**Student:** 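Just dropping this structure here.
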Amino acid sequence: MIPATLRKNLRFPAIAAPMFLVSGPELVIATCQAGMIGTFPALNQRTSDGYVEWLNQIEAARGPDDAAYGVNLIVHGTNTRLMDDLKITVAHKVPLVITSLGAVKDVVDAVHSYGGVVFHDIINARHAQKAAEAGVDGLILVSSGAGGHAGNQHPFALINEIRSFFKGTLILSGALSTGQDVAAALMAGADLGYMGTRFIATDEARADAAYKQMLIDTTAKDITYTDAISGINANFLTPSLVNNGLDPNAAKDPKHKIDMAHELNPDAKAWKTIWSAGQGVGSIHEIMPVAELVEQLSDEFAAATDRFFKTSAGFNL
Ligand SMILES: Cc1cc2nc3c(=O)[nH]c(=O)nc-3n(C[C@H](O)[C@H](O)[C@H](O)COP(=O)(O)O)c2cc1C
């Protein structure tokens, strides 16, 4: 089930996922105007004051027909801004808060205090169980092939296992690139789709032009899954590893850890010049405005559901 505050004005059942260095207010505003939930990581602004500025910008641009928006908070000891950013989030009554890494009851309670919704991202059932105990409203199942920090479990395995003990909202993440992919996610038991990589290839994304072009030029075979770059397993565009002087085969070998100090060129940085993308890149053929992309996704979604009903009608179930 989708919480009522997020259901309002939702015309395409998916969330444009928060992406480090990529999602800013332009992407959020355009996504919400198109009828899909737009989000950004609070840490995309260098300071908490900057975070407030972006929230003000988004709030000022919002129209009565816009879909809800959300922010991503990293709940981890290394995020020294968490408490400040949480206070700001509460003061602005941000409709959706996506927590990553830690699922903490105090954070959930703070968001619930003003009627906000908390979704938490997980890669396995153990993390899902902990987040459920913390009282989150929804779980984002980050399956294999996702951009960013991806899991390694098949989406069907995750959905079925987690649905057996969690009654809240399920959001499926991982290589969803088309409207039919989102239809398939819903058919498999998710309530919403979660799309990251597909939204990097939009005019409004704050990604380098060469990064966007690389999404067009690559397919799933060009994605390297490694923990060597950011310490946690994530998917990266292999050509961007090569462009930064890294050996993708070494990156995949757990015995051959990359020595970041020696093997990277001095300007190379995870996410900044070493670019992340999910295995869905093979479906990206052009860069377009968000409004056009969401319209295309909606058409694909409608065509897929139509095809499904026609096909299933032939089975006399
Ligand atoms: C470049 C990039 C940066 C990301 N940064 C974040 C982030 O800061 N916080 C977060 O919760 N997820 C982050 N993600 C993960 C996405 O929110 C989402 O789970 C993922 O993109 C979905 O898979 P897809 O890219 O195959 O659609 C990032 C993904 C990408 C591609």
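All values reported here derive from a predicted model rather than from experimental measurement. Indexing begins at 1, ligand by ligand and atom by atom, following the structure's order.
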**Student:** Please confirm whether S100 approaches ligand 1 to less than 4.0 Å, judged on its heavy atoms.
**Tutor:**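 It does; at least one heavy atom falls under 4.0 Å.
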
**Student:** Verify the neighbour count for atom NZ of K310: are there more than 12 heavy atoms of other residues, nucleotides or ligands below 6.0 Å?
**Tutor:**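 Not buried by this count: 12 neighbours or fewer within 6.0 Å.
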
**Student:** Would you mind checking which non-hydrogen protein atom is closest to atom 26 (O) of ligand 1, with the distance to 0.1 Å?
**Tutor:**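 Checking every protein heavy atom, the shortest distance to atom 26 (O) of ligand 1 gives A175 N, 2.8 Å.
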
**Student:** Around R11, counting heavy atoms of other residues, nucleotides and ligands shown, do more than 12 lie under 6.0 Å from its CZ?
**Tutor:**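 Check passes, neighbour count above 12.
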
**Student:** Are D208 and K212 within salt-bridge range, i.e. N to O under 4.0 Å?
**Tutor:**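 Salt bridge: no.
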
**Student:** List every atom of ligand 1 that sits less than 4.0 Å from any heavy atom of Y211, numbering the atoms from 1 in the order shown and giving each element.
**Tutor:**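 Near Y211, the atoms of ligand 1 are 1 (C).
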
**Student:** State the atoms of ligand 1, each with its element, that fall below the 4.0 Å cut-off from a heavy-atom position in D121.
**Tutor:**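 Once the distances to D121 are compared, the set is 11 (O).
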
**Student:** Would you indicate which of G148, A17, S143, P18 comes nearest to atom 12 (N) of ligand 1 when only heavy atoms are counted?
**Tutor:**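 The nearest heavy atom belongs to P18.
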
**Student:** Does some non-hydrogen atom of M195 fall short of 4.0 Å from ligand 1?
**Tutor:**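 A heavy atom of M195 does come that close to ligand 1.
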
**Student:** Please work out, at 4.0 Å between heavy atoms, whether the side chain, the backbone, both, or neither of T197 comes within that distance of ligand 1.
**Tutor:**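 The answer is both, backbone and side chain.
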
**Student:** Quick test: of every protein heavy atom, which one is nearest to atom 10 (C) of ligand 1, and how far off is it to 0.1 Å?
**Tutor:**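 Result for atom 10 (C) of ligand 1: N72 OD1, 3.4 Å.
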
**Student:** Considering the heavy atoms of G145, write down every atom of ligand 1 situated less than 4.0 Å from one of them.
**Tutor:**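 Taking each heavy atom of G145 in turn, ligand 1 has 26 (O) under 4.0 Å.
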
**Student:** Pick one of side chain, backbone, both or neither for how I98 approaches ligand 1, counting any non-hydrogen atom pair under 4.0 Å.
**Tutor:**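 Answer for I98: neither.
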
**Student:** Can you measure from CD1 (I122) to NZ (K130) and round to the nearest 0.5 angstrom?
**Tutor:**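 It comes to 12.5 Å.
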
**Student:** Have a look at G193, A150, S177, G196 and point out the one with the heavy atom closest to atom 27 (O) of ligand 1.
**Tutor:**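 Going through G193, A150, S177, G196 one by one, G196 has the nearest heavy atom to atom 27 (O) of ligand 1.
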
**Student:** For residues N243 and S240, is any side-chain donor paired with an opposing acceptor at under 3.5 Å?
**Tutor:**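 Judged by distance alone, the side chains do not pair up.
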
**Student:** Backbone, side chain, both or neither: what part of A146 comes under 4.0 angstrom of ligand 1, heavy atoms only?
**Tutor:**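 Looking at A146 and ligand 1, atoms from backbone and side chain both fall under 4.0 Å.
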
**Student:** Just by distance, no angles: are the side chains of D121 and S100 close enough, under 3.5 Å, to form a donor-acceptor pair?
**Tutor:**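 Present: a donor and an acceptor within the cut-off.
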
**Student:** Between D191 and R163, does any NZ, NE, NH1 or NH2 come within less than 4.0 Å of an OD or OE carboxylate oxygen?
**Tutor:**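 Yes.
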
**Student:** Suppose I only count heavy atoms of M19 and a 4.0 Å limit; which atoms of ligand 1 are within that range?
**Tutor:**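 Result: 2 (C), 3 (C), 4 (C), 5 (N), 6 (C), 28 (C), 29 (C), 30 (C), 31 (C).
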
**Student:** Using a 4.0 Å cut-off to any heavy atom of S173, which atoms of ligand 1 qualify?
**Tutor:**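 Counting atoms of ligand 1 from 1, those under 4.0 Å from S173 are 18 (C), 19 (O), 20 (C), 22 (C), 23 (O).
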
**Student:** Relative to the ring of F236, is the ring of W271 parallel (under 30°), tilted (30 to 60°) or perpendicular (over 60°)?
**Tutor:**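 Rings of W271 and F236: tilted, 30 to 60°.
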
**Student:** Should V136 and I171 be counted in the same cluster of Ile, Leu, Val, Met, Phe, Trp and Tyr side chains packed under 4.5 Å apart?
**Tutor:**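 Unlinked, V136 and I171 end up in two clusters.
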
**Student:** Tell me, which protein residue and heavy-atom name are nearest atom 24 (P) of ligand 1, and how many Å apart are they?
**Tutor:**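 Minimum-distance protein heavy atom for atom 24 (P) of ligand 1 reads G147 N, 3.4 Å.
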
**Student:** Need the ligand 1 atom indices (1-based, order shown) with element for anything under 4.0 Å from a heavy-atom of F20.
**Tutor:**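 It comes down to these atoms of ligand 1: 3 (C), 4 (C), 5 (N), 6 (C), 7 (C), 8 (O).
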
**Student:** For atom CZ of F156, decide whether the heavy atoms of other residues, nucleotides or ligands shown that lie under 6.0 angstrom number more than 12.
**Tutor:**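 Count not over threshold, so no.
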
